[in-house]
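Side-chain atoms are counted along with the backbone in the values below, which use heavy atoms only and exclude waters and symmetry mates. Position 1 is the first residue of the sequence, and the numbers go up from there.
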Amino acid sequence: MKKAFLLLLLAGAAGTLLSVAQNNPPYVIPMAADGTFVKDGSDYTDKVQMTATDDGYVINNVTVNGGLLFLGADTSGSYSTLYGMPGWAVSPALISYPNPLQIIGSESGYIPVEDGEYNIHFFDRESTGQSYHLFSIVPSDNPTEVVYPPSVYLINGSSIIEVPGSDGDYWVYTSLPSQFKVSYEPRDMATFEFGAAAATGTALVAHTPVDIALGENTGTAFTYAATGGLKSGMNAIVKVNLVDNTLNIDERVPTGVDDIEADADKIILNGNTVTVSGTSTKTIYDITGKQVLNSREDVASRTLPAGMYIVRTGDTVKKIIVGRY
């Protein structure tokens, strides 16, 4: 995601930004290498204060060891509030995409983040007009890098269909809802949604890709053209590609994974379930080196406890994080 577009999406009306606590810029509290948040009495000794900018608060080159917290505090230190992510938010925190924040009661609700050094941006809800405070993180050594979400979601009111994928390419075989929005978080909120790039592109036709864009035309849900070969309730393959920013629906019935991706080995994380496809041997190891999957089936799945795992199929190797741990 280009920084300029992110700022345009989140920037509010001109004026003085309000802080999360008494106009004092918030702090970032990175988790220590031992998995704790270091305190001296009630004070977090590793906290670093962000700098106010025209569009929020920023801090660069923060080393993160598995997680972090945000702290809002007044200048006297007599009032403070911890912020983590809502329970419904995608976790670990997404890289390069805005993440939601909410008040938490204790540091156990910290924000899981993969190890690394990051530039961090905090967006105040009073200035963005959104329902939540938001934050984004990008690698300090490659701030323009886009790391795609693990899934996208088709949202129709309270109905949410997860569309799993990898490397920005997602698909699901499902019964088509009467209408839907496309989001990278399981919430109907404009900041997280990909609408039609053109306002007239919301009536979908089978086998006809539609250009989508983050934050564009999000007030209008996708529906189906009257003579486009699609209708509510029919089973179809919904494909979302965030690399070329397209949405496409195929009404044919899939006969297997090869109908979707013919040659590639593929690893998909859906909740606590890892699905590995391809013609090569598939293995999964936990962080102790114990093998938890060894299969030569074309498609193999395993539901795993929360933790970190190494998944291998053919020449594809990925480190994945399952749940919070």
Side-chain angles (χ1 to χ4, degrees), residues 88-91 94 97 148-190 192-197 201-214 217-262 264-278 297-303 320 322-323:
W88 51 262
V90 175
S91 180
L94 297 174
Y97 286 83
Y148 295 103
S151 296
V152 295
Y153 302 87
L154 311 181
I155 299 178
N156 181 24
S158 61
S159 173
I160 300 175
I161 300 171
E162 183 172 8
V163 187
S166 61
D167 301 322
D169 187 19
Y170 312 86
W171 68 271
V172 68
Y173 182 63
T174 187
S175 175
L176 294 178
S178 59
Q179 61 180 12
F180 63 89
K181 296 182 179 181
V182 178
S183 175
Y184 66 82
E185 291 276 7
R187 274 294 184 279
D188 184 358
M189 183 173 166
F192 310 135
E193 292 174 347
F194 299 86
T202 58
L204 303 175
V205 175
H207 313 294
T208 305
V210 170
D211 292 333
I212 59 175
L214 183 62
N217 297 305
T218 57
T220 305
F222 291 100
T223 56
Y224 315 105
T227 58
L230 302 172
K231 62 180 181 179
S232 174
M234 73 180 298
N235 292 329
I237 304 167
V238 180
K239 305 175 187 178
V240 178
N241 191 300
L242 298 186
V243 180
D244 58 17
N245 290 308
T246 57
L247 166 66
N248 194 11
I249 299 183
D250 189 341
E251 85 281 12
R252 68 196 175 109
V253 177
T255 58
V257 170
D258 288 345
D259 282 345
I260 308 300
E261 188 160 327
D265 295 317
K266 193 168 185 179
I267 300 168
I268 296 174
L269 177 61
N270 188 346
N272 282 50
T273 300
V274 182
T275 301
V276 191
S277 63
E297 297 291 328
D298 289 342
V299 181
S301 294
R302 181 61 53 89
T303 300
I320 62 171
V322 176

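Put simply, the side chain of Val240 does not reach to within 4.5 Å of the side chain of Phe194, judged on heavy atoms. Inter-residue side-chain proximity for Leu94 and Pro150 is flagged as met; some heavy-atom pair is nearer than 4.5 Å. Side-chain contact between Val90 and Pro149 is absent, with no heavy atoms from C-beta onward closer than 4.5 Å. Residues Phe222 and Leu154 fail the side-chain proximity criterion, which asks for heavy atoms closer than 4.5 Å. Within the 4.5 Å cutoff, the side chain of His207 has heavy atoms near those of the Asp250 side chain. For the pair Val274 and Ile267, the minimum side-chain heavy-atom distance is below 4.5 Å. Side-chain contact between Asn245 and Asp211 is absent, with no heavy-atom pair separated by less than 4.5 Å. Side-chain contact check for Ser232 versus Leu176: every heavy-atom pair is 4.5 Å or farther apart.
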I'd like to know whether Thr273 forms a side chain to side chain contact (heavy atoms under 4.5 Å, CB included) with Ser301, so could you lay out the CA-CA distance, the side-chain angles of the two residues, the decisive distance to 0.1 Å, and finally the verdict. CA-CA 7 Å; Thr273 300; Ser301 294; 4.2 Å; yes
Determine whether Arg187 and Tyr153 satisfy the following criterion, side chain to side chain contact (heavy atoms under 4.5 Å, CB included), listing intermediate values before the conclusion. CA-CA 8 Å; Arg187 274 294 184 279; Tyr153 302 87; over 6 Å; no
Derivation of the side chain to side chain contact (heavy atoms under 4.5 Å, CB included) call for Thr275 and Val299: CA-CA 7 Å; Thr275 301; Val299 181; 3.6 Å; yes
Are Val210 and Val205 close enough, and set up right, to give a side chain to side chain contact (heavy atoms under 4.5 Å, CB included), and what steps lead you there? CA-CA 9 Å; Val210 170; Val205 175; over 6 Å; no
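Asn217 places a side-chain N or O within donor-acceptor distance of the main-chain N or O of Ala196, the cut-off being under 3.5 Å. In this structure, the side chain of Lys181 does not engage the main chain of Asp188 through any donor-acceptor pair within 3.5 Å.
Across every non-hydrogen atom of Asp167 and Tyr148, the tightest pair is C-CD1, 3.8 Å. Scanning all heavy atoms of the two residues, the minimum distance from Met234 to Gly229 falls at SD-O, 3.7 Å. Of all non-hydrogen atoms in Tyr224 and Ile249, the two that sit nearest each other are CE2-CD1, 4.1 Å. For the residue pair Ser183 and Ile155, the shortest heavy atom distance occurs at CB-CD1, 3.7 Å. Closest approach of Ser175 and Gly233 over heavy atoms only: OG-O, 3.2 Å.
One distance of note links OG1 of Thr202 with CZ of Phe180; it measures 10.0 Å at 0.5 Å rounding. Note that OG of Ser277 and CD1 of Ile268 are 6.0 Å apart. Values are rounded to the nearest 0.5 Å. Note: Lys231 NZ to Ser178 OG = 14.0 Å, rounded to the nearest 0.5 Å. How far CG of Leu230 is from OG1 of Thr223: 10.5 Å, rounded to the nearest 0.5 Å. The CH2 atom of Trp171 sits 14.0 Å away from atom CG of Asn248, with the distance rounded to the nearest 0.5 Å. Put simply, CZ on Phe192 and OG1 on Thr218 are 12.0 Å apart, with the number rounded to the nearest 0.5 Å.
Of the options Ile161, Thr174, Val182, a side-chain contact (heavy atoms from CB on, under 4.5 Å) to Val238 is made by Thr174 and by none of the others.
Side-chain contact, Asp244 with Thr246: a donor N or O sits under 3.5 Å from an acceptor N or O.
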